[in-house]
Amino acid sequence: MRKNDYTIFASDTTDNRSLMFCVFGSRMNEIAEPLHFKLRYVPPYNDFSGIALFRYACAYKPFRDDPVRARNVIIDLSEWREHADEEYLEHFFAYLHDYDGYHYFTYVFDLGSKDNRFAKAINMLAALYLGKGEVIENKLGNDDGLLSEYIGMVYGVCENTSAKLAKLFNGSERFSGLTAIDGIMSDLVESTKQLDIALDRAEPKQLTALLHAKCPDCKLLLFFGEKLLLWQHEPAESIDKDHITIGEVA
């Protein structure tokens, strides 16, 4: 029987776009687009259809899917945080061990939590059924350079402004998690798009002025308005081109 490598990703976000970046970085370009599957929690003694749904979601679809057999599949286990020892979850992992479909999967388990106890329980299940693997944590909240690169890549923000935003977010206990950051940045992108503000060219001082003039209700100003005003009085900063790369995030 074929065993597959796996990665367990402990993070406070279940945003798969963020997850792919954090785990794989630029390596995502080397293989086909990952598949995504959320394993819904089902209480004991209820009908468990998780295996059938996984098989359907991950089946190869001719003329639509790339004819690539080696693929990543990202499996969201966030609903099982308080149920990691239940039988249905072990049945699912046993099925993954016996999976005999078209693809040669490498599994990424998204925990949607940094709960060490949950991560340990999933790691024990995965090690039992899937062979070698590792547990990694989201490190973007601990490194301004990584978070800056993430903001620039995912949201198309220019380099100097991405760096300033990364320091802003990481300096805030309330808004340092990726879920909160993604909410603020998604709102910023939507607000600026409607007003033709080009985030890929807006330097910190310019962005601050434009937001106050045209987007006074955006979330970034709502939560960080006073600190953004300070950007107007700071000297322009240059970015060190040799800072850490996205490939080192995992």
Side-chain angles (χ1 to χ4, degrees), residues 1-24 28 32-61 64-65 71-141 174-183 186 250:
M1 296 186 181
R2 186 175 70 248
K3 291 190 177 182
N4 301 279
D5 292 337
Y6 65 88
T7 299
I8 295 171
F9 188 67
S11 172
D12 60 355
T13 180
T14 54
D15 179 346
N16 281 325
R17 177 184 58 187
S18 305
L19 176 68
M20 286 188 288
F21 175 86
C22 297
V23 176
F24 297 105
M28 290 308 301
E33 180 73 15
L35 295 166
H36 305 280
F37 179 75
K38 185 178 182 71
L39 184 66
R40 298 288 182 181
Y41 173 69
V42 176
Y45 309 111
N46 286 261
D47 291 336
F48 177 62
S49 58
I51 291 174
L53 291 172
F54 175 83
R55 192 171 183 87
Y56 174 78
C58 296
Y60 175 70
K61 300 171 181 61
R64 195 181 77 177
D65 291 347
R71 296 188 74 173
N72 292 313
V73 57
I74 299 173
I75 301 176
D76 183 345
L77 297 178
S78 58
E79 293 188 5
W80 294 83
R81 180 177 177 182
E82 304 298 330
H83 311 281
D85 59 345
E86 293 187 10
E87 190 174 7
Y88 286 152
L89 186 59
E90 183 165 0
H91 287 174
F92 182 75
F93 274 86
Y95 168 76
L96 297 183
H97 173 275
D98 295 334
Y99 173 78
D100 59 353
Y102 174 83
H103 295 107
Y104 301 131
F105 281 133
T106 296
Y107 297 103
V108 180
F109 299 104
D110 174 13
L111 303 189
S113 167
K114 289 185 178 180
D115 187 326
N116 290 333
R117 185 175 52 181
F118 184 32
K120 182 177 180 180
I122 297 302
N123 192 31
M124 291 177 66
L125 271 176
L128 180 63
Y129 290 105
L130 301 177
K132 296 181 179 181
E134 62 178 338
V135 179
I136 64 174
E137 291 187 2
N138 166 24
K139 300 176 183 178
L140 295 187
R174 184 179 181 187
F175 298 102
S176 60
L178 265 185
T179 301
I181 292 171
D182 285 330
S186 295

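Starting from 1, each residue takes its place in the sequence as its number.
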Apply side chain to side chain contact (heavy atoms under 4.5 Å, CB included) to the pair F105 and R71, showing each step before the final yes or no.
-> CA-CA 5 Å; F105 281 133; R71 296 188 74 173; 4.3 Å; yes

Could you walk me through whether Y107 and D5 pass side-chain hydrogen bond (donor to acceptor under 3.5 Å, both in side chains), step by step?
-> CA-CA 7 Å; Y107 297 103; D5 292 337; over 6 Å; no

Given side chain to side chain contact (heavy atoms under 4.5 Å, CB included), test H83 with L89 step by step and report yes or no.
-> CA-CA 8 Å; H83 311 281; L89 186 59; over 6 Å; no

After noting the C-alpha distance and the side-chain angles of Y88 and F93, does the key distance pass the ring pair (Phe, Tyr, Trp, His ring centres under 6.0 Å) rule?
-> CA-CA 9 Å; Y88 286 152; F93 274 86; over 10 Å; no

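Crowding of E87 atom CD: a count of heavy atoms from other residues, nucleotides or ligands under 6.0 Å not exceeding 12. Enclosure of atom NZ in K114 by more than 12 non-hydrogen atoms of other residues, nucleotides or ligands within 6.0 angstrom is indicated.
Side chains of V135 and I122 form no contact here, defined as non-hydrogen atoms less than 4.5 Å apart. Counting heavy atoms from C-beta on, the side chains of Y95 and F54 come closer than 4.5 Å. At least one side-chain heavy atom of N116 sits less than 4.5 Å from a side-chain heavy atom of E137. At least one side-chain heavy atom of V73 sits under 4.5 Å from a side-chain heavy atom of C58. At least one side-chain heavy atom of F37 sits under 4.5 Å from a side-chain heavy atom of L53. Residues F109 and T7 form no side-chain contact, since every pair of their non-hydrogen atoms from C-beta on lies 4.5 Å or further apart.
Between the CG atom in N72 and the NE2 atom in H103 there is a gap of 11.0 Å [rounded to 0.5 Å]. Atoms CG and CD1, from L111 and I8 in turn, are 6.5 Å apart once rounded to the nearest 0.5 Å.
Not one N or O on the side chain of W80 forms a donor-acceptor pair closer than 3.5 Å with the backbone of V42. N46 places a side-chain N or O within donor-acceptor distance of the main-chain N or O of P44, the cut-off being under 3.5 Å.
Residue D76 forms a side-chain hydrogen bond (donor to acceptor under 3.5 Å, both in side chains) with just one option from H36, R40, K38, and that option is K38. Test L96, N123, I75 against Y6 for side chain to side chain contact (heavy atoms under 4.5 Å, CB included) and you get one pass: N123.
Remark: the Y41 side chain and the E86 side chain contain an N/O donor-acceptor pair separated by less than 3.5 Å. Judged purely by distance below 3.5 Å, without hydrogens or angles, the side chains of Y129 and E90 pair a donor atom with an acceptor atom.
Of all heavy-atom pairs between G50 and L39, the closest is CA-CD1, 3.8 Å. Across all their heavy atoms, S78 and G112 have their closest contact at CB-CA, 4.2 Å.
Between D100 and R55, at least one side-chain N (NZ, or NE/NH1/NH2) sits under 4.0 Å from a carboxylate O, which counts as a salt bridge.
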